[in-house]
Asks: 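Okay, here's the structure, questions in a sec.
Chain letters run A, B, ... following the sequence lines, proteins first and then strands; every chain starts at 1.
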Protein chains: 2
Amino acid sequence: MPRTPRLDDRRERLIGEAARLFREQGYERTSVRQLAEAVGILSGSVFHHFSSKEEILLEVMRSTIDHMIDSLREASESTSDVEQRLYQLVRTELELLHGQTRDGVAVAFFQWHSLGADNQRRILAMREAYEQIWLDALEQARRRGLIDTEPFVTRRLLTGANGWTIYWYQQDGKLGLDDLADQVCRLLFKEPITG
Amino acid sequence: MPRTPRLDDRRERLIGEAARLFREQGYERTSVRQLAEAVGILSGSVFHHFSSKEEILLEVMRSTIDHMIDSLREASESTSDVEQRLYQLVRTELELLHGQTRDGVAVAFFQWHSLGADNQRRILAMREAYEQIWLDALEQARRRGLIDTEPFVTRRLLTGANGWTIYWYQQDGKLGLDDLADQVCRLLFKEPITG
DNA sequence: TTGCCTACCAAGCAAGCGCTTGGTAGACTT
DNA sequence: AAGTCTACCAAGCGCTTGCTTGGTAGGCAA
């Protein structure tokens with residue numbers, strides 16, 4: 001049994017387990033010892049990979065936000081129809097919140113207040129690209145009369161509505177993710193989606 | 001300077017300061033010592049009024065939820081017009097989230113996961129009366145064709161949208177609470193509010 | 001073969017945590 | 001006047017926390 005499994009393999013595993021634990025229990029209630037145990041090392045060894053506990057949270061968010069931006073950009077560019085585009089954005093955000101990357105996404109959505117002021121600002125800056133995709137799409141929709149609400153306010157309300165689903169929506173119920181996205185879009189648009 | 005200012009005065013002050021601190025810093029990041037200092041006593045003396053730290057959080061939520069139910073019920077009964085009623089509910093919830101009682105309301109909205117499983121269930125049960133008022137109004141609106149979304153899902157989406165405003169809405173900006181309530185209702189209803 | 005580097009262990013430190021204990025000043029009751 | 005109760009203080013206990021330190025096994029390069 002080699003002491004060195006693979007370069008940076010442990011670091012990735014630490015980030016993954018941290019995302020899971022932070023989501024399930026919250027950042028403050030998760031101890032470094034608990035995280036270390038989850039990947040099979042001792043607590044002190046965690047600090048060989050990260051300089052502080054907060055840096056772990058930061059890395060969880062950073063890698064997650066990168067992924068979120070990629071996914072949302074792809075969704076945005078998947079169609080040129082504005083209505084369809086907004087549906088895809090909604091659908092993608094819900095997918096992010098409930099799919100395989102849900103742990104990190106939930107943490108990025110709801111646990112930024114566990115960061116210090118500086119890192120909070122850093123994360124907020126990273127999210128800006130993500131929010132800009134939303135704002136662009138909403139502004140397009142407003143110009144074409146598909147929505148009659150302010151893009152800025154609308155996006156913030158939508159952020160809350162979508163993010164909050166992690167606390168009540170269960171994938172295995174009879175309400176599928178598509179249905180949920182449909183319900184959200186019914187609020188967003190005055191008329192049902194065409195096509 | 002009398003040792004006994006007034007009966008249960010300190011307890012009320014403790015709940016108020018706890019609500020403020022829990023909102024500003026979160027439950028875990030607020031220490032009993034810090035709370036004690038905020039009301040001018042030593043940390044041990046807090047446990048003369050409460051049996052545990054968690055009981056303080058529970059009391060913050062309990063008293064807050066009582067107030068929320070009263071406010072929402074009053075709003076619901078203030079009009080018999082369904083559209084107007086829903087607007088009043090939205091307006092009232094936003095008022096609760098940003099008015100004088102905002103500390104406790106924010107805590108009740110976003111910090112229930114800091115409670116143990118038993119107390120979580122207890123709080124959830126208390127909120128049921130609050131949610132029922134919403135569901136009744138939404139069901140009425142659906143029957144009259146004012147909305148075309150599921151009341152249950154709609155309420156949950158609305159919970160997130162409204163609750164999330166505590167993280168971005170600022171009272172002193174040019175967007176007033178009335179304007180905000182109006183924007184929310186534009187999402188909710190297909191047509192602008194009449195009257 | 002020597003020497004360095006990575007990834008870890010073993011042990012533990014200082015600080016802070018929630019909470020307990022024993023005692024007491026002052027108000028209230030009888 | 002005596003006894004009781006409330007609301008607190010002073011001190012500290014046991015425990016957990018994030019993090020540090022010193023050392024070492026194994027892989028790799030010269």
Side-chain angles (χ1 to χ4, degrees), chain A residues 1-22 24-61 107 111 113-120, chain B residues 1-22 24-61 107 111 113-120:
Chain A
M1 41 198 86
R3 183 73 73 103
T4 311
R6 203 166 300 117
L7 195 70
D8 278 340
D9 192 46
R10 272 275 153 72
R11 192 186 152 93
E12 302 262 317
R13 275 204 60 202
L14 276 165
I15 292 179
E17 291 295 317
R20 205 196 86 245
L21 288 166
F22 291 167
E24 287 175 0
Q25 313 180 343
Y27 173 76
E28 278 89 1
R29 298 190 108 115
T30 302
S31 69
V32 174
R33 275 164 243 262
Q34 200 178 356
L35 171 59
E37 197 185 17
V39 302
I41 59 177
L42 289 190
S43 69
S45 307
V46 170
F47 296 96
H48 172 72
H49 301 278
F50 301 95
S51 68
S52 69
K53 187 189 176 189
E54 183 167 336
E55 199 195 85
I56 303 174
L57 178 58
L58 197 66
E59 279 304 288
V60 168
M61 291 188 175
V107 170
Q111 309 219 27
H113 50 265
S114 292
L115 292 170
D118 284 354
N119 284 332
Q120 259 181 51
Chain B
M1 41 196 89
R3 185 73 72 106
T4 311
R6 203 168 297 116
L7 195 71
D8 277 339
D9 191 48
R10 272 278 151 71
R11 192 185 151 94
E12 302 263 317
R13 275 204 60 199
L14 276 166
I15 292 179
E17 291 294 317
R20 205 195 86 244
L21 289 166
F22 291 167
E24 287 175 0
Q25 313 180 342
Y27 173 75
E28 279 88 2
R29 301 204 130 167
T30 302
S31 70
V32 174
R33 275 165 242 261
Q34 198 177 359
L35 170 59
E37 197 185 15
V39 302
I41 60 177
L42 289 190
S43 69
S45 307
V46 170
F47 296 95
H48 172 73
H49 301 279
F50 301 93
S51 67
S52 69
K53 187 189 176 187
E54 183 167 337
E55 199 193 85
I56 303 174
L57 178 57
L58 196 67
E59 279 303 287
V60 167
M61 291 188 175
V107 170
Q111 310 220 25
H113 49 263
S114 291
L115 291 170
D118 284 355
N119 284 332
Q120 258 182 52

Asks: Given atom CD of Q25(A) and atom P of dT17(D), what is their separation to the nearest angstrom?
Replies: 11 Å
Asks: Is H48(B) near enough to dA7(D) that one of its side-chain N or O atoms lies under 4.0 angstrom from OP1 or OP2?
Replies: yes
Asks: Output a table of nitrogen or oxygen pairs between the protein and nucleotides 19-22 of chain C separated by less than 3.5 Å.
Replies:
residue : atom : partner : partner atom : Å
dC19(C) : OP2  : K53(B)  : N            : 2.6
dC19(C) : N4   : S43(B)  : OG           : 3.2

Asks: Is there a donor-acceptor pair closer than 3.5 Å between any side-chain N or O of R33(A) and the backbone N or O of S43(A)?
Replies: no
Asks: Donor-acceptor pair, E28(A) side chain versus S114(A) backbone, under 3.5 Å?
Replies: no
Asks: Can any side-chain N or O of Q120(A) pair as donor or acceptor with the backbone N or O of L115(A) at less than 3.5 Å?
Replies: yes
Asks: Starting the side chain at C-beta, find the nucleotide from dG18(C), dA10(C), dC8(C) nearest to H49(A).
Replies: dC8(C)
Asks: From the options dC17(C), dC9(D), dA7(D), select the nucleotide whose nearest atom is closest to the side chain of I41(B).
Replies: dC9(D)
Asks: To the nearest angstrom, how far is E37(A) atom CD from dT16(D) atom P?
Replies: 13 Å
Asks: Less than 3.5 Å apart, any donor N or O on the side chain of S51(B) or E55(B) sitting next to an acceptor on the other?
Replies: yes
Asks: Nearest-Å distance, CZ (F50(B)) to P (dG18(C))?
Replies: 15 Å
Asks: Name the residue closer to the 5' end of DNA chain C, choosing between G40(A) and S31(B) according to the nucleotide with the nearest heavy atom.
Replies: G40(A)
Asks: Under 4.5 Å between any side-chain heavy atoms of R20(A) and E24(A), yes or no?
Replies: yes
Asks: Roughly how many Å is it from CG in L57(A) to P in dG18(D), rounded to a whole number?
Replies: 12 Å
Asks: Does K53(A) count as lying over the ring of Y27(A), i.e. NZ or CZ under 6.0 Å from the six-ring centre, within 45 degrees of the axis?
Replies: yes
Asks: What is the distance, to the nearest angstrom, from the CD atom on E12(B) to the P atom on dA7(D)?
Replies: 12 Å
Asks: Tell me: CD of E28(B) to C1' of dG18(C), nearest whole Å?
Replies: 13 Å
Asks: Mind calculating the distance between CZ (R10(A)) and P (dG27(D)) to the nearest angstrom?
Replies: 15 Å
Asks: So do the side chains of L57(A) and F50(A) get within less than 4.5 Å of each other, counting heavy atoms only?
Replies: no
Asks: Can you check the L42(A) CG to dC8(C) C1' distance for me, whole Å?
Replies: 8 Å
